[in-house]
Colleague: 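Okay, handing you the structure first.
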Amino acid sequence: MGSVAQPFKKPIPYEFKDSSLIDTRSLIGGQWVGAASGKTFKLTDPEDDGEICDIADLDGEDTRRAIEAASQAFETYKLTPHRERRWLMRKWGDLIKANREDLAALNTLELGMPYTESLAKVQYAVDFVDWFEGAVERTFGETIPAFRGSNRILTIRQPQGVVACITPWNSPLAMVTRKVGAAIAAGNTVVCKPAPETPLCAIALAKLFERAGGPPGVFNIVTTSPANTPAVGHQLCSHNAIRHLSFTGSTAVGKMLNTECAKTIKKTSLELGGLAPFIAFEDADVDKAVAGLITSKFRSSGQTCVCANRIYVHSSILDKFADALSEGVKKTFTYGSVWDKKVNFGPLYAGKGIAKVAAHLDDSLKNGAKVHSGGRDDRAGPNFFPPTVLKGGRVGMKFMEEETFGPLAFLVPFDTEEEVIKMANTADVGLAAYFYTEDISRLWRVSEALKVGMVGVRVGLVSAAEAPFGGVLESGLGREGGIAALEEYLDIKSITIGL
Ligand code: NAD
C-alpha cells in the first residue's frame, strides 16, 4: 500500500485510487455543503487517537433544510417507475463493488477495523443493495374477496415520504446500505445521520449514489458532532415531513427517539442492543460449536449487536470446550497494524470500548471467574484487547445483564435444557441467539422457545441481506434485510371499487 492521502491530517499507509470519494461536508438537495455556522468537529483515528480531519458540524436548522430538500425531491421521486429504481440500485451496487478497496480503507481508517475484515464488510454492505435491486419490482399488492359481491378490493404499496436514518459507529457501511438502500428502492427519500465517529463511509456511499444517477435530494447526509446530535435528532423526530425513523443504536437512545416520534405518529424501525445467548448442548459437535463461537463472539473484535454475550456450555463438555476455544482463538487471529493484510483482529473503538470491557472483566474476576486464556495486553496498541476466554461465569455478573461489546467470552456451565432456556430468556432484550446440538427435535424445540428475533442453529452468523434481521422485546421494532425490509418502507393502501 502507498502513502499519504488527502485531505487527511495524518499519513495513512494506503493510497486511494479515487480520492474524490473523500469529503468532509454534508449533502443537502444535491449540494455538498458545510454547516451554515461554519462549525466543524474533529474526526480521530481509533487505532492511535490521531486526528484524521475536520467534519462539517450541522445543527438543527441545517437539518431542517435537508428534510425540506428531501421532501421536495419526494414529490417527483415517488413517481419513478420501479424499473428505473431497479437500475439505480444496480448502478449504485456496481460502483460500490468497483470502489471496494477505497471503501474498505475508509472503514479501516475511521473504525479501526483490520483492512481484510473491512473488505468483507464492503461485500456485506453491497449485498443489501443487490438484494433490494432484485426485490424492488416484486412489491406486489393483493386482491381480496369482498363480503359484498358488488365490491372489488385490492391493495397497493406506496412509499411513505421522507425517511430519517440514524446509524451507529460500529458498522458504517452496511448500516447505511440496509436502511438507505431499502428506503430508496421502495421510492422514499432519505436524510441520513451517520454516527459522528464514522461519517466518511456514509459520505463515500452518497458520492457513489450520485454517480449512479441518484436524483438530487433523494439521499441527503447530515454530519454532526456529539454536541449537536440532540438538536439534529430533535429536528428529525419532530418535523412533520419525516414519516419514518429508522434507527440503529443503543436501547436507551432508541427509546428516547421513539417517544419523541410518537408525538407526530411516525413509523419507527428500531434495531437496538442485544445480549445474545450461545448454547453448546452436551450432544454438540464441539469443534463446530467452537468455530461458530469464534465467528459469533470475536468478529469485529466483539463489537456487534449480535455477538454472543452469555455463553452457556453443558457441564459435561465445559473443560474440553474451553481448551478447544482457547486453541481455536490462538490459531485464528493475527494481531498488528490494521493496515497489514495478514491482521484479522483489531483494536476496540477507543475509550468507549476499553472502559466497558475492563469493567466487565474486573467484575467477573472479583466474583470468582478465572481467565482461561488471553487477558489484558496492549502490546498491539492502547485500544487493543485480545480475545479472552473466562471460566466460572454466572448469573449476577455484569456481562449477564449488559452487552460487553468486546472480546470477552464468559463460559457459564449448565446441566439441563430447561435450565438453560430459562437463563437465556431472562433478558429484557431479544435480538440473536445461537445453539449447537445434533438432536433434530431439540433443534425445533429450542428454536421455538428462545425469545429472540433471530436464531442460529449450528452457525455463528445470522446476518445476511436476504434474511429478516431484527429483535423482539427491548431489542427493537421492525426488520431489516429480505422482503420484510422493503415492506417496512411501504404503506399498504386498500382500494375498494364498487361495480
Ligand atoms: P448510540 O445509541 O449511542 O448511537 C447510535 C446513533 O444514534 C449515533 O448516530 C448517535 O450519534 C445517534 N444519537 C445518539 N443520541 C442521539 C439523539 N439524542 N438524537 C439523535 N441521534 C442520536 O449507539 P452506539 O454506541 O453508536 O452504537 C452501539 C449500540 O448500537 C449497541 O448497543 C449495539 O448493540 C447497537 N447496535 C444495534 C444493531 C442492531 O441492528 N440491532 C446494530 C449495530 C449496533
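Both counts, for ligands and for their atoms, begin at 1 and track the order of listing. Index from 1, following the sequence. Just so it is clear, the structure is predicted and the values come from calculations on it, not from any experiment.
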Colleague: For residues F16 and Y14, establish whether the separation of their ring centroids is below 6.0 Å.
Modeller: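 Here the rings of Y14 and F16 have centres that are less than 6.0 Å from each other.
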Colleague: Whether the S26 and T223 side chains hold a donor-acceptor pair (N or O, under 3.5 Å, no angle test) is what I'd like checked.
Modeller: yes
Colleague: Hey, are D54 and K9 close enough for a salt bridge, meaning a charged N less than 4.0 Å from a carboxylate O?
Modeller: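 Result for this pair is yes, salt bridge flagged.
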Colleague: For the backbone of A185 and the side chain of R85, can you confirm whether one donor and one acceptor N or O come within less than 3.5 Å of each other?
Modeller: yes
Colleague: Show me which atoms of ligand 1 lie under 4.0 Å from any heavy atom of G233.
Modeller: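 Every atom of ligand 1 under 4.0 Å from some heavy atom of G233: 19 (N), 20 (C).
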Colleague: Under a 4.0 Å N-O cut-off, is there an ion pair linking E480 with K179?
Modeller: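 Counted as a salt bridge, because a side-chain N and a carboxylate O are separated by less than 4.0 Å.
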Colleague: Ignoring hydrogens, just give me the one of N170, L275, L236, T167 whose non-hydrogen atom is nearest atom 9 (O) of ligand 1.
Modeller: T167
Colleague: Could you tell me, atom by atom, which parts of ligand 1 come under 4.0 Å of a heavy atom of A195?
Modeller: 9 (O)
Colleague: Does T248, backbone or side chain, put an N or O under 3.5 Å from an N or O of ligand 1?
Modeller: no
Colleague: Between R65 and D59 (salt bridge meaning N to carboxylate O under 4.0 Å), is one present in this structure?
Modeller: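 D59 and R65: not salt-bridged.
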Colleague: Judging by distance only, is a nitrogen or oxygen of W169 under 3.5 angstrom from one on ligand 1?
Modeller: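 Yes, since at least one N or O of W169 sits under 3.5 Å from an N or O of ligand 1.
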Colleague: Are any of the N/O atoms in S250 less than 3.5 Å from those in ligand 1?
Modeller: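 Yes; the residue has a nitrogen or oxygen that sits under 3.5 Å from a nitrogen or oxygen of the ligand.
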Colleague: With heavy-atom distances below 4.0 Å as the criterion, list the atoms of ligand 1 near M256.
Modeller: 18 (N)
Colleague: Within 45° of the six-membered ring axis of F410 and under 6.0 Å from that ring's centre, is NZ or CZ of R310 located there?
Modeller: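 Judged by the rule, R310 and F410 form no cation-pi pair.
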Colleague: Select one of side chain, backbone, both or neither to describe which atoms of H234 lie under 4.0 Å from any atom of ligand 1, heavy atoms only.
Modeller: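 Contact part for H234 vs ligand 1: neither.
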Colleague: Have a look at ligand 1 and work out which part of V253, if any, has a heavy atom under 4.0 Å from it: side chain, backbone, both or neither.
Modeller: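 Answer for V253: side chain.
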Colleague: Only heavy atoms of R178, strictly under 4.0 Å: list the atoms of ligand 1 that pass.
Modeller: 40 (O)
Colleague: Show, in sequence, the C-alpha distance, side-chain angles and deciding distance for E68 and R64, and conclude whether the salt bridge (charged side-chain N to carboxylate O under 4.0 Å, His left out) test is met.
Modeller: CA-CA 6 Å; E68 280 161 14; R64 191 183 53 72; 2.9 Å; yes
Colleague: Do any N/O atoms on K193 end up under 3.5 angstrom from N/O atoms on ligand 1?
Modeller: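 There is such a contact, yes.
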Colleague: Measuring only between side-chain heavy atoms, which start at C-beta, is P172 closer than 4.5 Å to E197?
Modeller: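 No, every pair of side-chain atoms sits at 4.5 Å or beyond.
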Colleague: Measure from NZ or CZ of K207 to the centre of the six-membered ring of W32 and say whether it is under 6.0 Å with the direction within 45° of the ring axis.
Modeller: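 Yes, cation above the ring, under 6.0 Å and within 45°.
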Colleague: Looking at F278 versus Y436, is the centre-to-centre ring distance below 6.0 Å?
Modeller: yes
Colleague: Please check whether F405 reaches ligand 1 - meaning an N/O of the residue sits under 3.5 Å from an N/O of the ligand, judged on distance alone.
Modeller: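 Between F405 and ligand 1 (N or O atoms, distance only) the closest approach is not under 3.5 Å.
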Colleague: Distance under 4.0 Å to a non-hydrogen atom of E271: what atoms of ligand 1 satisfy this?
Modeller: 37 (C), 38 (C), 39 (C), 40 (O), 41 (N)
Colleague: Does P196 reach ligand 1, in the sense of a heavy atom lying below 4.0 Å from it?
Modeller: yes
Colleague: Which of the atoms of ligand 1 are close to L431, meaning less than 4.0 Å from one of its heavy atoms?
Modeller: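 Contacts of ligand 1 toward L431, numbered from 1: 41 (N).
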Colleague: Would you say T251 and ligand 1 have an N/O pair spaced under 3.5 Å apart?
Modeller: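 In this structure, T251 places no N or O atom under 3.5 Å from an N or O of ligand 1.
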Colleague: Look only at interatomic distance and state if E403 has a nitrogen or oxygen under 3.5 Å from any nitrogen or oxygen of ligand 1.
Modeller: yes
Colleague: Evaluating non-hydrogen atoms only, which member of G249, A231, G470, A252 is closest to atom 35 (C) of ligand 1?
Modeller: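 Of the listed residues, G249 has the closest heavy atom.
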